[in-house]
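One structure is given below, encoded as structure tokens.
Throughout, a chain's letter reflects where its sequence line sits, starting with A, and its residues are numbered from 1.
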Number of protein chains: 4
Amino acid sequence: MFFSIDQNSAIPIYEQIIRQVKFAIADGTLAGGQMLPSVRQLSRDIALNPNTIARAYRELQSQQILKPLRGRGMIVRRDALDACLDARNELVIANVRAALADAFSGGMSSGQLREIFEQALLDLEPNAAHTNSSQRPSGGEPSDE
Amino acid sequence: MFFSIDQNSAIPIYEQIIRQVKFAIADGTLAGGQMLPSVRQLSRDIALNPNTIARAYRELQSQQILKPLRGRGMIVRRDALDACLDARNELVIANVRAALADAFSGGMSSGQLREIFEQALLDLEPNAAHTNSSQRPSGGEPSDE
Amino acid sequence: MFFSIDQNSAIPIYEQIIRQVKFAIADGTLAGGQMLPSVRQLSRDIALNPNTIARAYRELQSQQILKPLRGRGMIVRRDALDACLDARNELVIANVRAALADAFSGGMSSGQLREIFEQALLDLEPNAAHTNSSQRPSGGEPSDE
Amino acid sequence: MFFSIDQNSAIPIYEQIIRQVKFAIADGTLAGGQMLPSVRQLSRDIALNPNTIARAYRELQSQQILKPLRGRGMIVRRDALDACLDARNELVIANVRAALADAFSGGMSSGQLREIFEQALLDLEPNAAHTNSSQRPSGGEPSDE
DNA sequence: GTGGTCTAGACCACC
DNA sequence: GTGGTCTAGACCACC
């Protein structure tokens, strides 16, 4: 599976699962209508208590991301993509703002912050082809309907 | 005092105090040799149980940031500044990296991230106008209207 | 359990617990991966407030001796043995040096100190007869009567 | 003065003073009838709160070590030497036994302990001429009467 | 069930 | 006055 769980993180495991399901939908790894691994299957795969998986699925269901198929499991709702893109964007924006607010409250300058940001981008960017332009088009979701 | 506690944060109160003491040292608000408010005084000022303050002070002591003067109170160690600058930088870098890692794992592009970063900087930067140059002098409010 | 707490000691109870956990790891009573008694269980067994136990466990955690398994309890870290052997040796060496420094500062001679040391060894050594040779094999109870 | 105070020690400062006065008497640095520095003088010399000095002198007086001369200060009682030698010996013996008990409770062997003891002796012995004989005469106090 | 946080309040030694 | 320890008990999230 595509889950990577950090047992030591301060973020509860069920939250990590919720987030990773949403992000997988946001980036297209999981598409509408697709089936999720069963609670039992997944609990074996990633060695977690089934209760923890079940809790994550339950919350994703109540957030209208997943839909239960009676007796068969959970599928991704056809209309889940927008909610997942929004969730992703909100989370990322909140993270960035929190990091900046922390930095300013400790007296750091925006110059130092830009350096840190660019360095982190260099280190982490998946397709490492870094360009200096900050005017690239904003992205937008390709329509694959 | 300079403390601002968020009772509803997921971050424990004693951790908020620890962080704010370190950041106050990092930005020069608290200098080496300076006295901290007493446990009882601070507990009155920010309406917290003295045990909570004492716990924060105790951890700062074991991290070599504060030093107790027996029967008199807590002072900032002369050599605390470096540790506090390091702590601040590490925290900010970790925050930024976590935000970026999250974003990439959700399929966001570095272009989108730069926009989010610059927007957050605009919103949060304390009393400073934004210019696009990253070599601009560190202070000043140039009018680019 | 293997804890023996002295309520009247000048050493705080939580420090006694910390020391005894480390020493139990050092002498092999507690091995890496092994589970500790839960805070509530131990607080019942040795008639102490759970907060006191929790404080000891918390500090052992921050010293990388124990590791919390969320919702399940505390285990001894696999790599804790070295740290515990070091802690034990450092403590013993510090104790011995402090005793000797005190003695010398009061004008005592090394001859007097050797007598005191050998007498204390005779009195305290667990189930072992004393011989004058310091190269004797490490176990066994030779009868030198 | 002959005092060396460790502000950070777990041992209270007034206890350090008491011990150092007794040990100075035990090793002959302070003789019966000799005058101690006044509370004010000493508090200036070693930069301590006069209350702390006064408390130490008060306890030494109640232990029959010092005697107040009205309006002039404290002198060492003529019969203080025996009490001071006893106090020194008891303290050293207690220290040594405590160190050994700690060591055994952590699974250390008497062989290891002898090594530690001899090493500490080598490091600390004031007139570093170390001999291997452990049968030296026990010392005894020279009579200078 | 588990540990973690927080409040409330007692008591202590030290200055 | 100062910080440090300890008890008692509530409440929380997680498993």
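Every residue meeting the side-chain hydrogen bond (donor to acceptor under 3.5 Å, both in side chains) condition with Q63(B), not counting sequence neighbours, appears here in chain and number order: K22(B). The side chain to side chain contact (heavy atoms under 4.5 Å, CB included) search around E90(B) returns D86(B), not counting sequence neighbours. Here E15(D) pairs with nothing under the side-chain hydrogen bond (donor to acceptor under 3.5 Å, both in side chains) rule; sequence neighbours left out. For I93(C), the side chain to side chain contact (heavy atoms under 4.5 Å, CB included) partners are R97(C), I116(D), not counting sequence neighbours. Applying the side-chain hydrogen bond (donor to acceptor under 3.5 Å, both in side chains) test to Q64(C) and every residue at least two apart in sequence or in another chain returns R77(C).
One atom, CG of N49(B), and another, P of dT7(E), lie 5 Å apart when rounded to the nearest Å. The separation between Q16(B) atom CD and dG4(E) atom P is 19 Å, rounded to whole Å. Counting to the nearest Å, the C1' atom of dT2(F) and the CZ atom of R44(B) are 12 Å from each other. Per the geometry, CD1 belonging to I5(A) stands 10 Å off P belonging to dC15(F), to the nearest Å.
If you check every strand for non-hydrogen atoms under 4.0 Å, L69(B) touches nothing. Counting non-hydrogen atoms under 4.0 angstrom, N51(C) reaches a base of the nucleic acid. Residue-level contact check: I13(A) touches the backbone only, with heavy atoms under 4.0 Å from sugar-phosphate atoms and none from bases. Note on E15(A): nothing from the nucleic acid sits closer than 4.0 angstrom, heavy atoms only.
Taking a pair as Watson-Crick or G-U with both hydrogen-bonding distances under 3.5 Å, the stems of three or more pairs touching DNA chain F are E:1-14 with F:1-14.
In summary, the side chains of N95(B) and N95(A) do not present any donor paired with an acceptor at a separation below 3.5 Å, with no hydrogens or angles considered.
Considering only side-chain N and O atoms, T52(D) lies nowhere under 4.0 angstrom from the phosphate OP1 or OP2 of dC14(E). Put simply, R72(B) has no side-chain N or O that comes within less than 4.0 Å of OP1 or OP2 on dT2(F).
Between the side chain of R88(C) and the backbone N or O of A26(C), no donor-acceptor pair lies under 3.5 Å.
Heavy-atom nearest nucleotides on DNA chain F were determined for P50(C) and for A54(B), and the one closer to the 5' end corresponds to A54(B). With the nearest nucleotide of DNA chain E identified for both L48(B) and Q41(C), Q41(C) has the one nearer the 5' end.
Candidate nucleotides dG4(F), dC14(F), dC15(E) were compared by shortest atom distance to the side chain of Q61(B), and dG4(F) ranks first.
Sorted by first and then second residue, the salt bridge (Lys or Arg N to Asp or Glu O under 4.0 Å) pairs with a member in residues 56-75 of chain B read R55(B)-E59(B); sequence neighbours excluded. Within the structure, side chain to side chain donor-acceptor pair (under 3.5 Å) pairs that include any residue of residues 24-38 of chain C comprise D27(C)-T29(C) (at least two apart or interchain).
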Can you tabulate the close N/O pairs, meaning under 3.5 Å, that link protein atoms to atoms of nucleotides 11-13 of chain F?
none

